[in-house]
Every structure is written in C-alpha cells, then in structure tokens.
Colleague: 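Sharing a structure with you now.
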Number of protein chains: 2
Amino acid sequence: MRGDIEDTPEYCDVEAAMEVLGGRWKLAILKKLLDGTKRFSELKRALPRITQRMLTRQLRELEADGLVTRTVHREVPPRVDYTLTETGRSLDAIANQLDAWGRWYRATRGEQAGAEPAEPGSPQVERSR
Amino acid sequence: MRGDIEDTPEYCDVEAAMEVLGGRWKLAILKKLLDGTKRFSELKRALPRITQRMLTRQLRELEADGLVTRTVHREVPPRVDYTLTETGRSLDAIANQLDAWGRWYRATRGEQAGAEPAEPGSPQVERSR
DNA sequence: CAGCATCCAACCGGATACTG
DNA sequence: CAGTATCCGGTTGGATGCTG
C-alpha cells in the first residue's frame, strides 16, 4: 500500500485557497455576506471584533481577488455596499461547514478538552470514511 | 426584516474556527495528515514551501489545540510522528472541499481573471474519496 | 457614513546557524 | 532526525485624528 503518490511534494491546493481566504477575517466576512448585500457599517456591526482599518483592508483584498463587489453610491451621507460575486458565493458550503465546525469545536473544548460529547460525533458536516 | 437574527453582532463561529485553523499552514498540514500518520521529515517533504521552524510551530499549536497527537520514539536516530486526533479528522470534508475550491479557483483565475465562469455552481466538491 | 493617514506595539513567518 | 536559537522584515491590529 505504499503508493507514495500520497507523499507527492506538489503544491497543495489548500495552500492556494488559504492564500486567498487566509487571515482571521476573510471567511467571517464572507459568511456575513452570504446573507446578502451589506453596507460597511452593517459589516462593522456584525463583526465587532474587527477594526475599521482591518475591515477596509480585508474587503479591498476580497474585491481584488474577485470574491466581493464594492458599490459606491454617490449620495449624502455616503453609502457603500458589498456583495458577493459568484465566486464568493461558491464558498457558501465551506463557510457554513466551518461555522458549524467552529461551534462544535468550541462546545467540545469548552466542556472538557479531549473527550467526546454526547452530541453528534461531528458538526453538521458529513465525515468521510 | 428590521430586527432579524442574521445581523446579530455576536461572535461568529467562523472566527472561532479560524483562530484554530488560521494561518497559511494549518489546513495544509491537516490535509497531509488525513492520509495517515507521518513523521516530521515526511511532512517537511510533503510541504516543501514551509520552513522547518514554521512546521514545528504549527504542529505544536495543532497539538495544543487537540487536533494532532505527537509521539516521540526514544531511539537513535530520533523519530517523531504526528497523527490526527478524532477532532482533527473531523475536518476531513472541509479540508478536501477547500482543496477542491483552491484548484477550481486557480483554474478560473488563471484562464480569465475577473470574468465569471459560465458554470452554474461551485466547484465539484468531492465528498469523501 | 465610510473611509484614509499616521504612529506604534505585537505577532507571524522566513533565513540561517547550531544541537542532542 | 528533529528540532532550538537568533535575527529580521512584513503584516496585523489598535489608537487617534482628519476628510468628502
């Protein structure tokens, strides 16, 4: 069973994904935008722990990577809103599974580190194997 | 729809997940370990772009977070191997979907940066192998 | 409202050299 | 083999002030 294809030192595509989605905020922002278009202040309110500075920067990067669209309405007061592109929406399943996993992980770690809870063995996510 | 729950400024669980899985390497390492137990040098070979220092640090963090088990064999030459815990294996589906997404994203971006693919949905996510 | 500018501290990640 | 020690640049993130 030594296929040794498994050990191929090729560039892992997970790395490619993490270069775009890496950092602490990208996926959290994506997740919020899955509900629909949101303006800057709505996102800021939805993510209280991110600073304005970081939110701006992360949104610009997501825009540059083609995951969100930024729309500026020239009115007073100013209004800018952000919408997921098709590419951004393609992360729907992954973002939701990460959300479920995060909740599950926090629960298991919060109660007792290392033991399996009475809950379903996994988050909503289906396990392989 | 004013007081909808969707906008709850609560701590997003995606953030919790990203605190554990964040950074460029965590998920890539996880992905490699999904194939089974690997020793340090095998991981290093499987991920040529990570430095030894980073590999060590990321592995220690994964261990501290209960995702991998570190086993030291007191022999000469030294041997240490790493195995996923149940918690670590619970990320199987997510890691594989991210891998698939990364491959798909690279492909679409490589061909035509900025244009939407005619394809209807997300990348073809391979559920379990 | 939605930002940009600036300063600054802390941490992340990489390169290199050395060790049990 | 599997690390540790040291140095160092870049990024993250916070605070504060200013602008169209």
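Numbered from 1 within each chain, the chains take letters A, B, ... in sequence-line order.
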Colleague: To the nearest 0.5 Å, what is the distance between CG (B:Leu33) and CG (B:Asp81)?
Modeller: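 Taking CG in B:Leu33 and CG in B:Asp81, the distance rounds to 10.0 Å.
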Colleague: Indicate, with a heavy-atom threshold strictly under 4.0 Å, whether B:Gly23 touches base, sugar-phosphate, or nothing.
Modeller: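 Here B:Gly23 touches the backbone only, sparing every base.
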Colleague: What nucleotide, of D:dG13, C:dG3, D:dA2, holds the atom closest to the side chain of A:Arg24?
Modeller: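 Out of D:dG13, C:dG3, D:dA2, the nucleotide with an atom closest to A:Arg24's side chain is D:dG13.
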Colleague: Roughly how many Å is it from CZ in B:Arg57 to C1' in C:dG13, rounded to a whole number?
Modeller: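 For the pair B:Arg57 CZ and C:dG13 C1', the rounded distance is 7 Å.
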Colleague: Indicate yes or no: does A:Arg57 engage A:Glu63 in a salt bridge with an N to O separation below 4.0 Å.
Modeller: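 Judged by the 4.0 Å cut-off on N to carboxylate O distance, A:Arg57 and A:Glu63 do not form a salt bridge.
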Colleague: Among D:dA2, C:dG3, C:dA15, which is the nearest nucleotide to the side chain of A:Tyr82?
Modeller: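 Shortest atom-to-atom distance from the side chain points to C:dG3.
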Colleague: Give the ring-plane orientation class for A:Trp101 versus A:Trp104, where under 30° counts as parallel, over 60° as perpendicular and anything between as tilted.
Modeller: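 Taking A:Trp104 first and then A:Trp101, their aromatic rings sit tilted (interplane angle of 30° to 60°).
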Colleague: For A:Arg39, report the nucleic acid contact type (base, sugar-phosphate, nothing); a contact means any heavy atom under 4.0 Å.
Modeller: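 Answer is sugar-phosphate: A:Arg39 comes under 4.0 Å of backbone atoms only.
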Colleague: Please check the phosphate of C:dG13 (OP1 and OP2 only) for any side-chain N or O of B:Gln58 closer than 4.0 Å.
Modeller: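 It does, given that an N or O in the side chain of B:Gln58 lies less than 4.0 Å from OP1 or OP2 of C:dG13.
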Colleague: Take atom CZ of A:Phe40 and atom C1' of C:dG3, then tell me their distance rounded to the nearest Å.
Modeller: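 Distance, rounded to whole Å: 7 Å.
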Colleague: Which nucleotide wins on minimum distance to the side chain of A:Pro78, given the candidates C:dG3, D:dT12, C:dC1?
Modeller: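 When the side chain of A:Pro78 is considered, C:dC1 is the closest of C:dG3, D:dT12, C:dC1.
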Colleague: Would you tell me if any nitrogen or oxygen in the side chain of B:Thr51 comes within less than 4.0 Å of OP1 or OP2 on C:dA15?
Modeller: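 Answer no for this pair, as no side-chain N or O of B:Thr51 is under 4.0 Å from OP1 or OP2.
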Colleague: To the nearest angstrom, how far is B:Glu63 atom CD from D:dA2 atom P?
Modeller: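 So the CD-P distance, B:Glu63 to D:dA2, works out to 15 Å.
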Colleague: Once you apply a heavy-atom cut-off of 4.0 Å, does B:Arg74 come out as touching a base, just sugar-phosphate, or nothing?
Modeller: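 Counting heavy atoms under 4.0 Å across all strands, no contact is made by B:Arg74.
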Colleague: Which whole-number value in Å describes the distance from A:Leu59 CG to C:dG3 C1'?
Modeller: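 Computing the A:Leu59:CG to C:dG3:C1' distance gives 11 Å.
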Colleague: Do the side chain of B:Glu75 and the base of D:dC1 come within less than 3.5 angstrom through a donor-acceptor pair of N or O atoms?
Modeller: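 Per atom types, no contact qualifies.
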Colleague: CE of B:Met18 versus P of D:dG13: gap in Å, rounded?
Modeller: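 B:Met18 atom CE is separated from D:dG13 atom P by 11 Å.
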Colleague: Between A:Trp25 and D:dG13, is there a contact of a side-chain N or O with OP1 or OP2 at under 4.0 Å?
Modeller: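 So the side-chain polar atoms of A:Trp25 do come within 4.0 Å of the phosphate oxygens OP1 or OP2 of D:dG13, strictly under.
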Colleague: Between the side chains of B:Glu15 and A:Lys32, is the shortest nitrogen-to-carboxylate-oxygen separation below 4.0 Å, so that they form an ion pair?
Modeller: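 The answer is no: the pair does not qualify as a salt bridge.
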Colleague: Rounded to whole Å, please give me the gap between CD in B:Glu19 and C1' in C:dC11.
Modeller: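 B:Glu19 atom CD is separated from C:dC11 atom C1' by 14 Å.
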Colleague: What nucleotide, of C:dG14, D:dA15, C:dA2, holds the atom closest to the side chain of A:Arg53?
Modeller: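 Closest nucleotide to the A:Arg53 side chain: D:dA15.
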Colleague: Charged N to carboxylate O below 4.0 Å: is that the case for A:Arg89 and A:Glu86?
Modeller: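 Yes, charged N to carboxylate O under 4.0 Å.
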Colleague: Please report the distance, rounded to the nearest Å, between CD1 in A:Ile50 and P in D:dG13.
Modeller: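 In whole Å, D:dG13 P and A:Ile50 CD1 are 7 Å from each other.
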Colleague: Expressed as a whole number of angstroms, how long is the span from B:Met54:CE to D:dA2:C1'?
Modeller: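 That distance rounds to 16 Å.
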Colleague: At less than 4.0 Å, is any side-chain N or O atom of A:Arg60 found next to OP1 or OP2 of C:dA2? Yes or no.
Modeller: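 A:Arg60 to C:dA2 OP1/OP2: no side-chain N or O under 4.0 Å.
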